[in-house]
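For reference, the structure discussed in these notes is given below.
Numbered from 1 within each chain, the chains take letters A, B, ... in sequence-line order.
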There are 2 protein chains.
Amino acid sequence: MAQVGEESSTGWRDKTVTIEDVAKEANVSVATVSRALRDLPNVAPATRAKVQAVAKELSYVADPTAARLAAGRTGTVAVAVPVLDAWYFAKIVAGVEAVLKEANVDLLLYAVTSERERELFLAGRGAWWRRSDGLIMVDVELGEENAVRLAESGARIVTVGSSTPSFSSILLDEVAATKEAVEHLVAAGHTRIGVLSGESNALKFRVPSLRLGAVRDLKQRLGLDEDPELEQEGGFSVEGGRDALGTLLDLPEPPTAVFALSDEMAVGAVDCLRRRGLKAPDDMAIIGFDDNDMAELFGLTTMRQDVERVGATAARLVLASLAVPNHLPAPVERMTTDITMVVRETS
Amino acid sequence: MAQVGEESSTGWRDKTVTIEDVAKEANVSVATVSRALRDLPNVAPATRAKVQAVAKELSYVADPTAARLAAGRTGTVAVAVPVLDAWYFAKIVAGVEAVLKEANVDLLLYAVTSERERELFLAGRGAWWRRSDGLIMVDVELGEENAVRLAESGARIVTVGSSTPSFSSILLDEVAATKEAVEHLVAAGHTRIGVLSGESNALKFRVPSLRLGAVRDLKQRLGLDEDPELEQEGGFSVEGGRDALGTLLDLPEPPTAVFALSDEMAVGAVDCLRRRGLKAPDDMAIIGFDDNDMAELFGLTTMRQDVERVGATAARLVLASLAVPNHLPAPVERMTTDITMVVRETS
DNA sequence: TTGAAAGCGCTAACAA
DNA sequence: TTGTTAGCGCTTTCAA
C-alpha cells in the first residue's frame, strides 16, 4: 500500500465517504443519517436539513450494496431479452430504461439467447434474484414450474410476450393482429397466402408460433390454401426474409400474397421482389409486423405495435409489484396491448 | 435438481440458502466453503468436492452483494450509452454483453441521453461506481477533469469514441475514414459536396464533430466548395436525413454528392431522392457511415465499422483492467479500429 | 426525536 | 489444510 499524501492509498475504497463520515460531520448517529436521508419520519426538521447539507457537501451517496444487505432492497431491476441487437428488443429495453430511470432504479441486463442459457439463468447464473428486486422477462419463456417456484420464493417478475398464472404479464394481441392481417389480404382477393416465419435461434420464442398458429387457424376457417410449402422460415432477419420469399416465388404455384411475421423479413421480401423486377403489391402483396424504422421507408403495410410503450408498461408493473410489502403476495395483472394495421403501399 | 417436498429448511424456495447452510451441511466452516467454491488454493480436493456437491444440492449461489461488501468486487460492469434504441449502440451493447457473459460478469446499463443526465451520472446517480467494478462509456464524453478525479479514486473505465489520458480507450479512425469517403467522392469528380451531420440531442457527441471537422479540413486542403450551407443537420435519423437532403436540393446550387455521417441519414437521403424522382448516384452521389442493416438494402456506399467487435474489445479492456490488483494503476491502452469503405450503388 | 447495537451474507487475515 | 473472527456500509429494532 503506497501512501501518497495524507488521504489516498489503495483506491476508491479508502476514499469512499460512508454514512459514518456524514454522521460524524453532522454530529448525529448513523441511524439518524439513515433516516434523514431516506425521508423517514421521526427526524427533527432541523436535524434533517443539517444532515442533508452535510451529505451534499461530502457528496455522500449511500452504498446500494450495503443497503441491500441490510434492508433487502437493491434498487435494481433485471431485464432478460433473447437478443440485444434487434429493433424490437432494443425498443423494449429503451422503454423499460426510461421508466426505471425516472424511479431511480438501475437496470441489470441479461441476454438469454439459447435454451441452455435460459436454464442457466433460471438456475441462478448471475444471481439476478439477489442483485435485483424484480425481473422483466421479454419473450423468454418462464415456464409454469419455474413461475410457481419463483413466486413462492417471493420473486417479483413481469413477463412480456408470454404469461404465467403467478406473475403479471403483458401480451400483445398476436392472434387478433394476425387475423386482421390475413383478413386484409383475403379482402383483397388473395386465397393463396404465404407466410414468412421462423426461429432465429434455438430459443423457443412464443411469439412466432402464436402468430403462425393464428394464420393456420384462419386459413382453415376461411377455406384458404393450406399448402405447407407456403410457410417458409425467414429467421426474423432481412436476409432470411429475402431467401424465404425467393423460395416461395420458385414454387410451381407461388402465393399471391405474403404475411411476414416481422418487418425485417417483410423488407427482405420486398427487396427480393425488386431484385427480380417484380413489385408489391402488383405482383405480390406483402404485409409485415412491427412497424419498425424501415417499414415506412419501404412503404410496407404492417401491424404496428407500440413496443416502447410495452417496455414502459412492463417497468411500471414491476415497480408496482415492488411497492407491495414483501410478505404480501405481489399483484398479478394481465394486460394485452393492441396492434393496429398501418396500410401503406405493399398491400 | 433439488427435490420438491423434501428438506423444507434448506430449499432456496423457502428461504435463501446462505453460505452457513452449506457449511453446516458439509461439516466445514464458512471460510472453507468460500474458498472451495471460489477455487482458491489450500482446500483439500476431497473437501472441495464435498462442498461443491452440497452447494449444488442446495442450489447455493453466493450473494454477490454480500461478496461485494466484504471483498469490494461486484462482478458487474456498467455500460453507459447515449441512446439504447439505435443500431449502433444496440450493437455495441450486444458486443459488450457477449464478452461479459463469457466472464460471468453482469451488465448494468445506463442511458445517458442529455448533458444533464451526464452530469448526474458522473456525480453519482445510480451509484454505478459502487455497484460495478468497471465502467464502459460509449460516446459519452467523460471530460478530462472527471477522468482525472475518477482515476485517482481508483475507478476502472474504458471509453469508446472518445479518450482521456487516464483510461483505456477505443477510437474509431473517424478522420481517416472521413477522408477516404470524401476523397472517393472527389475522385468521381465532385467538388461541391454536401454533409449530413447533426446533433440528435443535447449531448455533445464527439464523433459527429470529429467527422465534420475532418470534412472541413479536407475541403479546404483540396480546394473544394466550402459553402457552409452545404452542411445540414440530420440528427442521425432517417427523417432528419430526408429533410436535410431536401434542404440541400432546394439550394440555389445544390451539391452533386453528399456524405452522410450515419447510414440512417444516408438512407433518408436516398429516400428523399426517390420521392423527388431522382436517383443515386446519377442525380446525386451518396455515401454513408456505419454499414448498418439497411445499407445493403439501399445499395448504399458506406464506411463500415465492426461495431460489435468494438463493444467486445471494450469489454475485454475493462476485464483486463479489473484483473490488475487494486493498488496498482490500471493499464491504459489506446486502440484505434479501422473503418473500411464498402462501395455499392449510390456512389 | 435520537442513539446503541445487532445483524444482513460474505471475505480475508490470522490462528490453530 | 482448516477454523475463528473481525469487519464491509448500511438498516432497523429497541432503549433512552
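- Residues passing the side-chain hydrogen bond (donor to acceptor under 3.5 Å, both in side chains) test with A:Arg131, sequence neighbours excluded: B:Thr76, B:Asp106.
- Within residues 29-48 of chain B, the residues approaching DNA chain C are B:Ala31, B:Ser34, B:Arg35, B:Arg38, by heavy-atom distance under 4.0 Å.
- Within residues 64-74 of chain A, the residues approached by DNA chain D to less than 4.0 Å at the level of any non-hydrogen atom are A:Ala66, A:Ala67, A:Leu69, A:Ala70, A:Ala71, in residue-number order.
- Using a 4.5 Å heavy-atom cutoff, the side chains of A:Ile92 and A:Val310 are in contact.
- Within the structure, salt bridge (Lys or Arg N to Asp or Glu O under 4.0 Å) contacts touching residues 42-62 of chain A (residues at least two apart or in different chains) are A:Asp39-A:Arg48.
- Note on residues 64-78 of chain A: pairs passing salt bridge (Lys or Arg N to Asp or Glu O under 4.0 Å), not counting sequence neighbours, are A:Arg68-B:Asp63.
- Computed from C1' positions of five pairs at each end, the angle between the two local axes of the helix from C:dT1-D:dA16 to C:dA16-D:dT1 equals 40°, rounded to 10 degrees.
- Side-chain N/O atoms of B:Arg309 and B:Thr313 include no donor and acceptor closer than 3.5 Å.
- Counting only heavy atoms from C-beta outward, the side chains of B:Glu333 and B:Leu317 approach each other to under 4.5 Å.
- Heavy-atom contacts of chain B under 4.0 Å fall on DNA chain C between two terminal nucleotides, which in 5' to 3' order are C:dG9 to C:dA13.
- Qualifying salt bridge (Lys or Arg N to Asp or Glu O under 4.0 Å) partners for B:Asp85, counting only residues two or more places apart in sequence or in other chains: A:Lys91.
- With sequence neighbours excluded, the residues forming a side chain to side chain contact (heavy atoms under 4.5 Å, CB included) with B:Ala23 are B:Val30, B:Val33, listed by chain and number.
- What separates CZ of B:Arg130 from P of D:dC8 is a distance of 13 Å, to the nearest Å.
- A straight line from CG of A:Asp63 to P of D:dT11 spans 9 Å, rounded to a whole angstrom.
- The pair B:Glu115-B:Arg118 meets the salt-bridge criterion, since a charged nitrogen lies less than 4.0 angstrom from a carboxylate oxygen.
- The side-chain hydrogen bond (donor to acceptor under 3.5 Å, both in side chains) test applied to B:Thr32 returns B:Ser29, not counting sequence neighbours.
- Listed by chain and residue number, A:Glu97, B:Glu117 satisfy the salt bridge (Lys or Arg N to Asp or Glu O under 4.0 Å) test with A:Lys101 (two or more places apart in sequence, or in another chain).
- Distance B:Lys24 NZ to D:dG3 C1': 15 Å, rounded to the nearest Å.
- Side-chain contact between B:Pro64 and A:Arg130: present, with at least one pair of heavy atoms (C-beta onward) separated by less than 4.5 Å.
- Rounded to an integer number of Å, the gap from A:Glu20 CD to D:dG7 C1' is 12 Å.
- With sequence neighbours left out, A:Ala103 forms a side chain to side chain contact (heavy atoms under 4.5 Å, CB included) with A:Val105, A:Leu319.
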